[in-house]
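Heads up: the structure comes next, in structure tokens.
Quick note on labels: first sequence line is chain A, next is B, and so on, each numbered from 1. Side-chain atoms are counted along with the backbone in the values below, which use heavy atoms only and exclude waters and symmetry mates.
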Amino acid sequence: MTKILSVENIELYYDHIYALKGVSIDVDEGETVALIGANGAGKSSILRAITGLRPVKSGQILYEGQKLNGTSASEIVRRGISMVPEGRRAFPLMSVKDNLLMGAFTRTDKAEIEQTLENVLTRFPRLRERYHQQASTMSGGEQQMMVIGRALMARPKLLLLDEPSLGIAPKLVQDIARAIVAISRDEKVSILLVEQNSRMALSISNRAYALSTGSIALSGNSKDLMNDDRIKAAYLGGEI
Amino acid sequence: MEQIIANGLYLGAQYALIALGLTLIFSLMNVLNFAHGQMYVFGGFVTYTVVVQLGLPFIVGLFASAIVLAIMGAAIEKFLFAPVVRRSKRDESTMLLAAGVAFFLDAVILLFFGEKQRGVPKIVNGVFNWDMRIIMPYDRILIGVLAILLIVVFIAFMNYSKTGRAMRALAQDKMAAQLMGVNVARYSMIGFALGAMLAGLVGGLLVTITGVNLGMGGPTSIKAFLMIMIGGAGVISGAIAGGFILGMMESVGLTVLSAYGDITYLVIFATLMIFLAVRPQGLMGKPWG
Ligand SMILES: Nc1ncnc2c1ncn2[C@@H]1O[C@H](COP(=O)(O)OP(=O)(O)O)[C@@H](O)[C@H]1O
Ligand SMILES: [Mg+2]
């Protein structure tokens, strides 16, 4: 299989405090990779490094075989990487429609944008019902669907999801997990899924990395990790 | 009564346009543009130069004001505000810079256009008279209608164009906008240029009615800030509401209060202070929408 993303030994600092000290991650084409770890482990920092929101101190990030370091965030989107940020970050005063159209900001193929929009609305029927509603008036779950749809509007080759289950009603977490599986099945997209809900993440991914205070503690096949005693003790205990 | 409303609408439309530019810049960059009034005066002088000195039609002058101010706004953003915003985390830095730009523009206006009051000859003659109830010169009506038209175009642009949508996105969530591929530097510059252009357009419109002079910059900035404080900073609807409310208050004041001397603005300030004490975020205070 060909690698779409390869993060090689990156270090990332906030002021003088490190958040990542030598992290390496690979994502193959078409694969769903989970990144699990406790709050503050550095999961979001990895995604910020990939999307160009935050510079790395050392190490490199290769996407489709080319270096991403130093590329601006807006250029990285154009290259085919879309992120659903932690906490959703919907445009609160925009309608669902405008939020989705913002997702296609980098595209100029009008007719095909319409087609993608139609696909997204079919995938998330709730968004069609709420098409003209202001985003801030929707529930957390609906907003999460919307921002996933917004990311899909760019037709990404690599989709980064930062804790899509955060602050969502437990019943809806399942819907979101199903949606991620369906996206991976239907679209030509590789997925890097960051989650604190490790059980959910491991159950819908091919491989996984466990992050612990800025470095990878464990990695492997998701099924194997699910039964790994260390993972059970550290990440699965107590969760539903 | 009808006369007061007509005057208020006419004034309010101009004011709303000025406030829209100011609030656009604020919502995108968190910059309070104290030089907004000077930009308005500059726009007036550009139209004056094109129409009176060069003898070209009024519409050409108006376009020239728009273009000159858009370029000036873009340059001021790119070479002054953008570097300061990048280097400084403190809001005061851009406030001081904006105040500096205001003084600088005053000096530039003095240098190029002098200290004299300048005007443009009436663009249409005649007076509209509805049964002595509303009496308004046709040129005022024309300028008022043009201003309202510009407001409508601006709102449509912000709501339905891709650029407008990107600017709203940037104002609502900068990080999310970046993740959509919006180039923050470029769109901040476009927003600043657009805000300055609106100020210049109003200057070009009003130079035909009231004329412009060097001293108008500061007071106009203050009025613009009043409007966005009334309506709520960073909101389109707030800027429009603030503009029309101030226009209406002035119109009422000039008719009703003129008997007691020049106290209109005293009353407006007093009212505003009480209003802001009760509702500090203004009428529609919330982030840009
Ligand atoms: N903007 C920031 N400024 C300073 N420290 C930060 C910032 N963002 C994150 N951190 C710190 O970096 C570490 C990793 O954070 P993050 O990547 O957000 O972790 P996670 O997503 O796994 O919860 C944490 O210790 C956090 O406190
Ligand atoms: Mg996080």
Side-chain angles (χ1 to χ4, degrees), chain A residues 15 44 47-48 50-54 71-95 97-108 110 113 132 134-137 143 146-156 158-162, chain B residues 20 23-24 26-28 78 82 85-89 155-191 231-241 281-289:
Chain A
D15 296 321
S44 298
L47 299 192
R48 282 183 207 123
I50 298 169
T51 49
L53 289 174
R54 193 89 209 169
T71 312
S72 73
S74 56
E75 180 56 32
I76 288 174
V77 185
R78 281 179 179 78
R79 296 245 211 120
I81 302 182
S82 283
M83 168 152 114
V84 175
E86 187 177 326
R88 304 187 283 274
R89 309 296 285 261
F91 297 114
L93 302 177
M94 282 191 187
S95 62
K97 177 188 177 187
D98 280 357
N99 265 278
L100 293 177
L101 288 178
M102 271 314 292
F105 180 74
T106 54
R107 292 173 59 185
T108 48
K110 264 211 154 109
I113 291 174
H132 295 288
Q134 187 172 298
S136 65
T137 64
Q143 286 190 32
M146 184 187 75
V147 293
I148 293 174
R150 185 177 70 177
L152 290 177
M153 286 298 294
R155 268 203 311 203
L158 176 62
L159 179 63
L160 311 175
L161 299 164
D162 197 345
Chain B
L20 278 174
T23 214
L24 174 66
F26 175 73
S27 70
L28 286 179
K78 187 171 172 62
V85 169
R86 201 162 47 237
R87 293 201 191 104
S88 170
K89 299 250 175 303
I155 293 174
F157 172 76
M158 289 305 288
N159 280 318
Y160 302 114
S161 77
K162 193 170 172 180
T163 308
R165 202 185 301 126
M167 283 195 281
R168 280 187 291 143
L170 192 54
Q172 288 175 28
D173 191 326
K174 194 167 172 175
M175 191 262 258
Q178 267 178 295
L179 287 174
M180 302 299 110
V182 177
N183 181 329
V184 175
R186 180 179 315 148
Y187 278 83
S188 300
M189 191 173 86
I190 293 174
V235 205
I236 295 187
S237 54
I240 293 170
Q281 78 274 33
L283 284 177
M284 333 242 172
K286 58 180 178 192
W288 177 267

Taking Arg78(A), Arg88(A), Arg150(A) one by one, which has the highest count of heavy-atom pairs under 4.5 Å against chain B?
-> Arg150(A)

What residue, out of Ala104(A), Ser72(A), Pro92(A), Gly52(A), has the most heavy-atom pairs lying under 4.5 Å from chain B?
-> Pro92(A)

For Ile81(A), is it the side chain, the backbone, both, or neither that has a heavy atom closer than 4.5 Å to a heavy atom of chain B?
-> neither

Tell me, for Arg107(A) versus chain B, whether the close heavy atoms (under 4.5 Å) come from the side chain, the backbone, both or neither.
-> backbone

Which heavy atom of [X] sits nearest to which heavy atom of [Y], and what is that distance?
X: Ala166(B); Y: Phe105(A); result: CB-CE1, 3.5 Å
X: Gly181(B); Y: Ser74(A); result: O-CB, 3.2 Å
X: Arg165(B); Y: Met94(A); result: O-CE, 3.3 Å
X: Leu179(B); Y: Val77(A); result: O-CG2, 3.2 Å

Is there side-chain contact between Met102(A) and Arg168(B), with at least one heavy-atom pair below 4.5 Å?
-> no

Close side-chain approach of Met180(B) to Met153(A), heavy-atom, < 4.5 Å = no

Which value, rounded to the nearest 0.5 Å, describes the distance between Glu86(A) atom CD and Met175(B) atom CE?
-> 8.5 Å

Can you tell me if Gln172(B) uses its side chain to pair, donor with acceptor, with the backbone of Leu93(A) under 3.5 Å?
-> yes

